[in-house]
Amino acid sequence: QVQVVESGGGLVQAGGSLRLSCAASGRTFSNYAMGWFRQATGKEREFVASVDWSDYTYYADSVKGRFTISRDNAKNTVYLQMNSLKADDTAVYYCAARIGGAAGVGGADYNYWGQGTQVTVSS
């Protein structure tokens, strides 16, 4: 069983920055594909960014150029650096892991999920 735990959320003004962290258990973290998703109040969960075992990254158009996903395999941790935050970025952010497969944009592609961390951007 893989455990996934997000941290780093909080309240920030529009234009500011936050860095989210996601720690995942497991001896083979380097082989996991990792993804970030978010869900705003009253809206469906949406894909944000992903990084696979080869460090290939992919971003939703809404965050491209502002967010950066990265991973530190030695720490079993993936990060989401969020810059130039907008009010529309307000959501609960979830980290997810897929074991033995490529990263995808659909939540069903992922096997394990964290409980989420709240990001609130004020304007």
Side-chain angles (χ1 to χ4, degrees):
Q1 185 78 16
V2 176
Q3 294 180 328
V4 180
V5 181
E6 307 97 333
S7 62
L11 175 65
V12 64
Q13 289 186 322
S17 299
L18 283 174
R19 189 182 74 163
L20 305 183
S21 298
C22 172
S25 66
R27 297 173 60 188
T28 58
F29 176 82
S30 62
N31 294 325
Y32 301 172
M34 304 295 297
W36 286 98
F37 295 78
R38 66 187 183 186
Q39 186 168 21
T41 300
K43 298 183 178 180
E44 296 182 348
R45 181 182 61 192
E46 64 176 346
F47 170 80
V48 176
S50 64
V51 57
D52 73 2
W53 51 268
S54 68
D55 285 335
Y56 173 82
T57 59
Y58 185 75
Y59 299 91
D61 288 342
S62 60
V63 306
K64 193 175 300 181
R66 300 188 297 120
F67 291 10
T68 302
I69 188 171
S70 61
R71 66 192 300 160
D72 185 340
N73 292 335
K75 296 181 178 180
N76 280 20
T77 301
V78 64
Y79 304 96
L80 185 69
Q81 178 66 46
M82 304 185 294
N83 298 326
S84 301
L85 284 162
K86 306 174 181 179
D88 288 347
D89 295 319
T90 295
V92 177
Y93 284 71
Y94 297 92
C95 180
R98 181 178 183 179
I99 313 302
V105 300
D109 295 331
Y110 295 84
N111 306 107
Y112 303 100
W113 292 79
Q115 65 181 352
T117 186
Q118 176 71 47
V119 172
T120 302
V121 183
S122 62
S123 60

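Note that the structure is predicted; figures quoted are calculated from it, not measured.
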Minimal heavy-atom distance between A14 and S123, with the atoms involved, is CB-CA, 4.4 Å

At their closest point, which heavy atom of D89 faces which heavy atom of S84, and how far apart are they?
OD2-O, 4.4 Å

Does V119 reach the side chain of V121, with side-chain heavy atoms less than 4.5 Å apart?
yes

Side-chain heavy-atom pair S62, R38 within 4.5 angstrom cut-off
yes

Spacing of T57 atom OG1 and D55 atom CG [to the nearest 0.5 Å]
8.5 Å

Find the distance between OH (Y93) and CH2 (W36) and round it off to the nearest 0.5 Å.
10.0 Å

Mind checking the CZ-NZ spacing from R66 to K86? Nearest 0.5 Å is all I need.
4.5 Å

Donor-acceptor check, side chain of S25 to backbone of Q3, threshold 3.5 angstrom: yes or no?
yes

Given 3.5 Å as the limit, does a donor-acceptor pair link the side chain of S50 with the main chain of G35, or not?
no

So, N76 side chain and A24 main chain: donor-acceptor pair closer than 3.5 Å or not?
yes

Please assess R98 against Y110 for the test side-chain hydrogen bond (donor to acceptor under 3.5 Å, both in side chains), listing each intermediate value before the final yes or no.
CA-CA 4 Å; R98 181 178 183 179; Y110 295 84; over 6 Å; no

Looking only at atom types and distance, does a side-chain atom of N111 sit under 3.5 Å from a main-chain N or O of I99, one as donor and one as acceptor?
yes

Non-hydrogen side-chain atoms of Y32 and R71 separated by less than 4.5 Å:
yes

Given side chains that start at C-beta, do those of M34 and C22 come closer than 4.5 Å, heavy atoms only?
yes

Answer yes or no: is there a side-chain heavy-atom contact under 4.5 Å between T90 and Q118?
yes

Is it true that a side-chain atom of R45 and a backbone atom of A40 form a donor plus acceptor pair closer than 3.5 Å?
no

Please report the shortest heavy-atom distance between A49 and L80, naming the atom on each side.
CB-CD1, 4.2 Å

Following the transitive rule for hydrophobic clusters with a side-chain heavy-atom cut-off under 4.5 Å over Ile, Leu, Val, Met, Phe, Trp and Tyr, establish whether W53 and V78 coincide in one cluster.
no

Which heavy atom in D72 sits nearest to a heavy atom in Y79, and how many Å separate them?
CB-CE1, 4.1 Å

Any non-hydrogen side-chain atom of L85 less than 4.5 Å from a side-chain atom of F67?
yes

Hey, can you tell me if Y56 and Y58 have their rings parallel, tilted or perpendicular (30° and 60° cut-offs)?
parallel

For E6 and C95, indicate whether the former's side chain and the latter's backbone hold a donor-acceptor pair under 3.5 Å.
yes

Test log, rule side-chain hydrogen bond (donor to acceptor under 3.5 Å, both in side chains), inputs S17 and N83
CA-CA 4 Å; S17 299; N83 298 326; 2.8 Å; yes

For the residue pair W113 and F37, does the interplanar ring angle fall in the parallel (under 30°), tilted (30 to 60°) or perpendicular (over 60°) class?
tilted

